[in-house]
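Notes to accompany the following structure.
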Amino acid sequence: PNGIKELLQNQVYFHFWFMYALIGIYIFIPFIQKGLEALNQTYLRALVIVILIMSSFEVYLPLIGIQFGFTNLVFGWVMYPIVGYALLQIKNRKYWWWIMSAGIASLILTIIWRVNAGSTEALCTNFYDLAPHMLIQTCGMFAFFMLIEEPLTHFVWINRIVTWVSRYTFSV
């Protein structure tokens with residue numbers, strides 16, 4: 001009760017700050033889902049491309065001294081479920097291999113970038129969460145799980161482990 005009272009009266013600076021963001025996203029997701037279901041594949045792909053371009057502008061342009069003043073909910077945390085929905089529309093396994101490869105390449109480039117940067121002050125804002133390279137890595141991991149899903153589901157013991165672990169993953 002005290003936590004709820006404090007949440008309603010003050011700004012939140014707890015180590016579980018993301019839980020409040022997650023609650024907001026969960027409330028908003030049904031509306032996003034209805035909107036996404038209304039899009040055909042061409043518009044859905046265009047939306048993903050726009051999200052990548054706009055988040056690239058927002059994250060990377062300041063690195064070269066150009067401030068980009070356009071910020072939107074879609075280019076923040078909500079881009080992950082939107083792109084996740086778009087990924088679920090992929091039926092051809094060869095695309096999963098391409099996406100996984102892009103995720104691995106992005107991971108390698110991110111590690112090189114981070115090591116060469118030296119300090120975290122030299123990195124772009126949102127380097128570890130809302131940057132397009134992180135979105136691509138997340139898509140690569142998603143593709144990896146989509147590729148191994150079928151072989152893994154044949155083992156009962158793996159299904160039990162996944163079911164147990166899924167209880168502790170905040171619905172991921």
Side-chain angles (χ1 to χ4, degrees), residues 4 7-8 12 16-61 68-107 109-110 124-156 158-172:
I4 293 172
L7 169 68
L8 296 173
V12 179
F16 276 129
W17 64 268
F18 63 90
M19 292 301 296
Y20 302 104
L22 201 56
I23 290 168
I25 290 171
Y26 281 173
I27 290 169
F28 196 58
I29 285 293
F31 302 103
I32 293 173
Q33 181 181 1
K34 291 295 182 190
L36 293 173
E37 288 172 352
L39 296 177
N40 64 30
Q41 293 300 308
T42 303
Y43 283 115
L44 189 57
R45 271 187 241 121
L47 176 61
V48 171
I49 290 168
V50 166
I51 287 171
L52 281 170
I53 291 170
M54 297 303 282
S55 63
S56 295
F57 286 171
E58 186 176 343
V59 171
Y60 301 137
L61 285 182
F68 190 70
F70 185 77
T71 304
N72 190 311
L73 178 67
V74 175
F75 312 119
W77 291 108
V78 178
M79 72 180 172
Y80 284 96
I82 290 173
V83 173
Y85 176 85
L87 289 173
L88 285 173
Q89 307 311 306
I90 297 172
K91 305 300 179 208
N92 191 331
R93 288 179 63 84
K94 77 175 182 178
Y95 294 116
W96 291 119
W97 285 102
W98 283 105
I99 294 167
M100 186 178 70
S101 300
I104 292 168
S106 177
L107 175 62
L109 291 172
T110 301
C124 58
T125 305
N126 295 319
F127 182 82
Y128 291 112
D129 45 24
L130 299 177
H133 60 268
M134 297 306 290
L135 180 63
I136 293 168
Q137 291 171 41
T138 304
C139 291
M141 183 59 71
F142 187 88
F144 169 73
F145 283 118
M146 293 303 287
L147 286 167
I148 67 169
E149 175 188 27
E150 189 176 320
L152 286 183
T153 56
H154 293 297
F155 299 103
V156 173
I158 290 178
N159 285 326
R160 286 189 184 134
I161 291 170
V162 169
T163 302
W164 181 78
V165 169
S166 69
R167 287 185 269 168
Y168 305 101
T169 59
F170 303 117
S171 298
V172 174

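In this text, all values refer to a predicted model and were calculated from it rather than measured experimentally.
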Problem set entry | Gap between atom CD1 of Ile32 and atom CD1 of Ile82 - 0.5 Å precision | 5.0 Å

Exercise. If you count the non-hydrogen atoms of other residues, nucleotides and ligands that lie under 6.0 Å from OH in Tyr95, is the total more than 12?
Worked result: no

Exercise. Is Phe144 atom CZ crowded by more than 12 heavy atoms from other residues, nucleotides or ligands, each under 6.0 Å away?
Worked result: no

Exercise. From Met141 CE over to Met146 CE, what is the distance, rounded to the nearest 0.5 angstrom?
Worked result: 14.5 Å

Problem set entry | Verdict with supporting geometry, Leu130 and Ser55, side-chain contact (heavy atoms from CB on, under 4.5 Å) | CA-CA 8 Å; Leu130 299 177; Ser55 63; over 6 Å; no

Exercise. Under 4.5 Å between any side-chain heavy atoms of His133 and Tyr60, yes or no?
Worked result: yes

For this session: Side-chain contact test, heavy atoms from C-beta onward, threshold under 4.5 Å: evaluate it for Pro81 versus Ile29 and give yes or no.
Result: yes

For this session: Check whether any side-chain heavy atom of Arg93 lies under 4.5 Å from a side-chain heavy atom of Leu147, and answer yes or no.
Result: yes

Exercise. Should Arg160 and Val156 count as side-chain neighbours, where that means a heavy-atom distance under 4.5 Å?
Worked result: yes

For this session: For the pair Ser106 (side chain) and Ala102 (backbone), establish whether a donor and an acceptor sit closer than 3.5 Å, ignoring hydrogens and angles.
Result: no

Problem set entry | Whether Trp96 and Phe142 hold their rings parallel, tilted or perpendicular, with breakpoints at 30° and 60° | tilted

Problem set entry | Spacing of Ile99 atom CD1 and Ile90 atom CD1 [to the nearest 0.5 Å] | 3.5 Å

Using atom types as modelled, flag every donor-acceptor pair under 3.5 Å from a side chain in residues 35-46 to any protein atom, sequence neighbours excluded.
residue	atom	partner	partner atom	Å
Glu37	OE2	Gln33	NE2	3.0
Asn40	OD1	Thr42	N	3.1
Asn40	OD1	Tyr43	N	2.9

Problem set entry | Which atom of Tyr26 lies closest to which atom of Pro30, heavy atoms considered | O-CD, 3.3 Å

For this session: Please tell me if the side chains of Thr138 and Val83 come closer than 4.5 Å, counting only heavy atoms from C-beta onward.
Result: no

Seminar exercise, completed: Separation between CG (Leu107) and CE (Met134), nearest 0.5 Å, reads 8.0 Å

Seminar exercise, completed: d(Tyr80 OH, Asp129 CG) to nearest 0.5 Å is 6.5 Å

Exercise. With sequence neighbours excluded, what pairs up with Phe57 under the ring-ring contact (aromatic ring centres under 6.0 Å, His included) test?
Worked result: Phe68

Exercise. Can you name the side-chain contact (heavy atoms from CB on, under 4.5 Å) partners of Val59, sequence neighbours left out?
Worked result: Cys124, Ala131, Pro132

For this session: Determine whether more than 12 heavy atoms belonging to other residues, nucleotides or ligands lie under 6.0 Å from atom NZ of Lys91.
Result: yes

For this session: With the side chain counted from C-beta on, respond yes when Thr110 and Gln137 share a heavy-atom pair under 4.5 Å apart, and no when they do not.
Result: yes

